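Input: a single structure, listed below in C-alpha cells.
This is a predicted model, so every value here is computed, not measured. Numbers restart at 1 for each chain; the letters A, B, ... are given by sequence-line order, proteins then strands.
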Amino acid sequence: MSARAKIIALHGGLLVLLFVLQFILPAYHHGNLARIMVLASYAVGYNILFGYTGLLSLGHALFFAAGMYGMGLGIQHLGLTVAPAMLAGVIAGAVVSGALALLALRTAGVAFMIVTLMFAQAGYLTVLYFGEYTRGDEGFVIQQAQRMLWGIDLSDPTNRYFAALMLFALCLIVSLWLVRHPFGKTLIAIRENEERVRMLGYNIYTHKLIAMVVSGTISATAGAAYGLLFGYAGASFASVQYSIFPLLWVLLGGAGTVLGPFIGTLFMFYLIDLSSGITTAYMLIAGVVLVLLTLFAPQGLAGELRNRIWRWLP
Amino acid sequence: MTILSTQELSRHFDGLQAVRNVSLGIPAGQVRALIGPNGAGKTTLVGMISGRIPPSSGRVHFDGADITALPAHVRIRRGMAYTFQITSVFERLPAQENVTLAARRHLKAPEVDSATLEALERVGLLELRDQEAGDLAYGHQRLLEIAMGLVQRPRLLILDEPTQGLTDSEIAGFKKLVRELAGKTTILLIEHNMNVVMEVADQVTVLNFGEVLAEGTPDDIRADRAVQAAYLGTG
Amino acid sequence: MELGPYLILASLEGAVTAAVLALTAVGLSLVFGVMRVVNIAHGEFFMLGAVIAWWVAHITGGHPAIGFALALIVAPVLVGVIAVAADMTILKRLDYDPERTIVATIGLLYIIQQLTLMTYGPEARPVEAPFNTRLAIPWFKNGEDGWQMIWPWGLGTTSYKLAVIGAAVTVLLGVWALMKRTRIGLVMRATQADREMALAFGIPVERVYAMVFGLGAALAALAAVLIVPIQQAHYLMGGDPLLLSFIVVIIGGLGSLPGTVLAAVLIGLSDGIISVFFSPTLAKILATLLVGLVLVFRPQGLLGKRGV
C-alpha cells in the first residue's frame with residue numbers, strides 16, 4: 001500500500017470507528033466520547049501551532065474562550081440563533097488570535113510563552129471583570145430551547161455525539177490536508193530550522209501569523225461547540241488550566257502528528273476521570289504526566305509510534 | 001552589466017570594525033571568489049549582501065535596484081541564493097524534501113519535482129534522496145546545501161565555503177559543477193581552498209581586516225606582493 | 001480619613017508588600033539570571049513556605065515566637081531541599097532546555113499544589129505573629145490653634161509589619177553580599193556570564209545550578225513565612241506572588257538583581273495606591289497586559305539598559 005493509501009485508511013478508519021461506536025457505547029462513555037471529540041478538536045488546533053510550527057503557546061485558553069463567549073454571549077444577550085452564534089464564536093477566535101499574533105510574534109522562545117500566558121490571563125480576568133454579562137466563575141447555562149439548529153435539538157445525546165463527530169472529522173481533515181500541503185510543509189521546516197527557511201526566500205512572519213490564526217480559529221470553533229453542545233459557558237474555560245490542557249494532550253499524544261491530539265485527549269480524559277473518583281486533587285495526575293512526558297517521552301505516543309513502526313505517519 | 005554592487009559597505013559590532021567601506025561590482029555571469037584570512041570579514045560581507053546582517057552604513061544594489069532596506073527573504077525571492085558556511089539543512093526531513101522546500105518558493109508547482117530531482121542528480125545525491133538529511137555524511141550534507149542553492153535557479157549564487165569537508169573527488173565534482181554554471185549564473189564564492197579558487201574564479205577579491213586589499217584575476221592575485229604578505233604568508 | 005494620612009497608610013502597607021515581593025522576585029530573578037530557567041513553580045515554593053510555617057507553628061505550641069522563629073529556619077531549608085531535589089531529578093535531565101523546563105515546572109506546579117491539597121487540605125490557616133504591638137502614627141494639622149499633632153483613627157501599623165520590612169532589607173543585603181563578596185557569588189556570576197567558559201574553568205556548573213535553584217526557592221519560602229502572620233496559609237496562595245514576581249522581574253530587566261529590587265519597591269508601593277482607584281481585578285488586568293507589552297516592546301525591561 002502506498003503511504004497515501006495507508007494515511008487515508010488509518011484516519012478514515014478512526015472516523016468510521018467513532019461513527020460506529022455511537023451505536024454500541026453505553027450512555028456514560030457515549031457522553032464522554034462526545035466531550036473528548038470536541039476537546040480533541042481543540043487539541044488539533046493547538047497542535048498546528050505547537051506541533052507543526054514549533055511555537056509553544058501558554059495562552060490558547062484565550063482562543064477557546066473567545067469562541068465559547070462569542071457564541072454564548074451572542075445567544076444570551078443578542079438573541080442570536082445557533083448558526084450565527086457559532087459564526088460569531090469563530091470570528092471572535094480569528095480576530096483575537098490575529099491580534100495576539102501581531103503582538104506575540106514580535107517575540108520568540110521563552111518570551112513568546114510568557115507573552116501568550118500574560119495576555120490569556122488578562123483575557124480570563126476580563127471575563128471575571130465583566131461578570132455582569134459573563135456571570136464570572138459561576139458561568140451561565142445555555143438553555144435547551146436555545147440549542148436548536150435547523151430543527152435539530154443539539155442537547156439530545158445522539159445529535160450531540162453526531163455534531164461532535166462532524167466537528168472532529170472536519171478538524172482532522174483540515175489538519176491532515178494542511179500538513180500535506182506545501183504551506184504546512186513550510187511550517188514544519190520553520191519548526192526544524194527557521195533561519196534556513198528565511199534564507200530560502202520565505203516570509204517567516206506571515207507563515208507564523210497564518211499558522212497562529214488557523215490554530216486559534218480551530219481552537220475557538222471547538223470552544224464555541226463545547227459551550228453549545230454541553231450548554232454551559234464559564235470563566236474556568238478561560239483560565240490557565242485550559243491553556244495547559246491542550247499542551248498536555250498534544251504532548252501525550254504526540255506533537256506534530258495528526259492523530260496525536262485525539263490519542264492524548266482520550267488517554268488524559270480517562271486518566272483524570274478514573275482518578276477523580278479517588279481524589280479531588282485530580283490535577284496531580286496532569287502534573288505527573290507533564291513531568292514524565294518531558295523527561296522520558298517528548299515525542300508522545302504517536303511520535304514514538306512513528307519513530308519505531310510507522311515512519312509514514314503524518 | 002553589473003548584477004551586484006556594494007557601495008562603501010561597512011559594519012561594526014560594538015566598536016569592532018568587521019567590514020570597512022567595501023565597494024564591489026560583479027558583472028552578470030562572473031564567478032567571483034572572495035578570499036582572505038580568518039576574521040577578514042567575508043561572512044559578514046555576504047551576510048550584508050544577502051540581508052542576514054544589516055549594514056552600519058553603505059548600500060547594496062542587486063539587478064539594478066537598491067536592496068539595502070529589503071529583508072533577507074525578499075532578496076532571496078528576487079534571485080539570490082545563499083548556502084550556509086555551517087551546514088544548515090533540515091536534519092529530520094528527507095534530502096528530497098530539503099531541496100523541494102528550496103524549489104517551491106521559486107518555481108511553478110508542476111516544475112518543482114523535476115527540478116528537485118535534477119538538482120539532486122547534479123550534486124550526485126539522487127540515490128540518497130529518501131534519507132533524512134541528518135543521517136547523511138557531512139560531505140553529502142554540504143552537497144545538499146549546494147543542491148538547495150542550485151534548484152532555486154538563482155541569478156546570484158552565494159556559496160560560503162562550499163568545499164569545506166568534501167573529499168578530493170567531491171571537490172572535483174564541485175569544480176565541474178561551477179564550470180557548468182559559469183556564464184549563466186553569477187557566483188560569489190567564499191573559499192579557503194586556493195586550488196578551487198585558482199581553477200574556477202574569473203575574478204578574485206581579497207579582504208583583509210575588513211577592507212578590500214586587492215582585486216584581479218587569479219593570476220594577478222597570485223603575483224600580488226601585498227596579498228602574499230598579508231594572506232598567503234609567502235611574501 | 002483625609003488623603004494625607006491615607007497615603008501614609010497606603011505607603012506603609014505598600015512597603016510590606018514590596019519587602020515580601022522583593023524577596024520572592026529576587027529568588028525568581030536569580031534562577032532566571034544564572035540558569036536561564038523560567039520557574040513557573042516559583043509561587044508554589046512560596047506557598048510551601050507558608051504551609052510549612054503553619055505546620056511548624058502548629059506542632060511547636062507554646063509562645064508564638066518560638067514556633068515562628070523555628071519556621072523561619074525550617075521552612076526555607078526544607079523548601080530549598082525540595083527544590084534541589086527537583087533540580088537534580090528533573091531540570092538537570094532536561095539539560096536546562098528553556099522550553100522543556102517551563103513545561104516541566106508547570107507539571108511541578110500542579111504536583112506541589114495538589115499534594116498540598118491532599119495533605120494540608122483546602123482550608124486557609126493563620127499563623128500567629130511573634131509580636132504584634134500596635135503603633136499609632138501622629139499627623140499634623142493646621143487648625144484654629146495653629147499646627148497641632150493629632151492621632152487620626154485608623155492611622156497606624158504594627159511592630160510586626162516594621163519587622164518584616166527590616167528583615168527583608170537585611171536578607172536582601174545578605175544576598176547582595178553573597179553575590180558580590182563571596183567566592184560562591186563569584187562562581188554564580190561566572191556561570192551566569194558564560195556557562196561554557198565556567199565549565200572550562202572547572203566550575204561544577206551542575207552543583208551551582210542546584211544551589212541557585214534551592215536558594216531561589218528558599219527566598220520565596222522565607223518571604224512566605226514573613227507574610228503568613230499577616231495573610232493566611234492556603235494551597236492556592238502561590239498564584240499572586242508568581243504573577244507579581246513575573247511583573248517585577250520583567251519590568252526590572254530579566255536577571256538583573258538591582259533592577260528587580262527597584263521594580264519590587266515601585267510595584268509594591270504603587271499596589272496600595274492603585275487599589276484605591278481601581279478594582280483589584282482591573283488592576284490585575286492592567287498588570288498582566290503591562291507585562292505582556294513590556295516583553296513585546298521593551299524586552300530588556302523598563303529599567304534595564306541592555307538587551308538579553
> Using non-hydrogen atoms and a limit below 4.5 Å, what part of residues 43-66 of chain B faces chain A?
Replying inline: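 Residues of residues 43-66 of chain B touching chain A at under 4.5 Å: Ser50(B), Arg52(B).
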>> Can you list the residues of residues 68-78 of chain B that sit under 4.5 Å from chain A, counting heavy atoms only?
In response: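 Residues Ala72(B), His73(B), Ile76(B), Arg77(B) are the ones that qualify, each having a heavy atom under 4.5 Å from chain A.
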> Given Leu200(A) and Tyr82(B), is the side chain to side chain contact (heavy atoms under 4.5 Å, CB included) satisfied, shown in steps?
Replying inline: CA-CA 8 Å; Leu200(A) 292 177; Tyr82(B) 180 92; over 6 Å; no
>> Report, in residue-number order, which members of residues 180-196 of chain A are under 4.5 Å from chain B by heavy-atom distance.
In response: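 So far as heavy atoms go, Pro182(A), Lys185(A), Thr186(A), Ile188(A), Ala189(A), Arg191(A), Glu192(A), Asn193(A), Glu195(A), Arg196(A) are the residues that approach chain B to under 4.5 Å.
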>> Would you say CZ of Arg179(B) has more than 12 non-hydrogen atoms from neighbouring residues, nucleotides or ligands within 6.0 angstrom?
In response: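 Correct, the count exceeds 12.
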> For Phe267(A), does the CZ atom sit with more than 12 other heavy atoms under 6.0 Å from it, leaving out its own atoms?
Replying inline: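 Open: at most 12 neighbouring heavy atoms sit under 6.0 Å from CZ of Phe267(A).
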> At a heavy-atom separation under 4.5 Å, does Leu93(B) approach chain A through its side chain, its backbone, both, or neither?
Replying inline: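 Answer is side chain: those atoms of Leu93(B) sit under 4.5 Å from chain A.
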>> Taking side chain as everything from C-beta outward and backbone as N, CA, C, O, which of these in Ala81(B) sits under 4.5 Å from a heavy atom of chain A? Side chain, backbone, both or neither.
In response: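 It is neither, since no heavy atom gets under 4.5 Å.
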>> Quick check: closest heavy atoms across Leu101(B) and Tyr202(A), and the distance to 0.1 Å?
In response: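 Scanning both residues, the minimum pair turns out to be O-OH, 2.6 Å.
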> Residues in side-chain hydrogen bond (donor to acceptor under 3.5 Å, both in side chains) with Arg32(B), at least two apart?
Replying inline: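 If we apply the side-chain hydrogen bond (donor to acceptor under 3.5 Å, both in side chains) test to Arg32(B), skipping adjacent residues, the hits are Gln30(B), Thr205(B).
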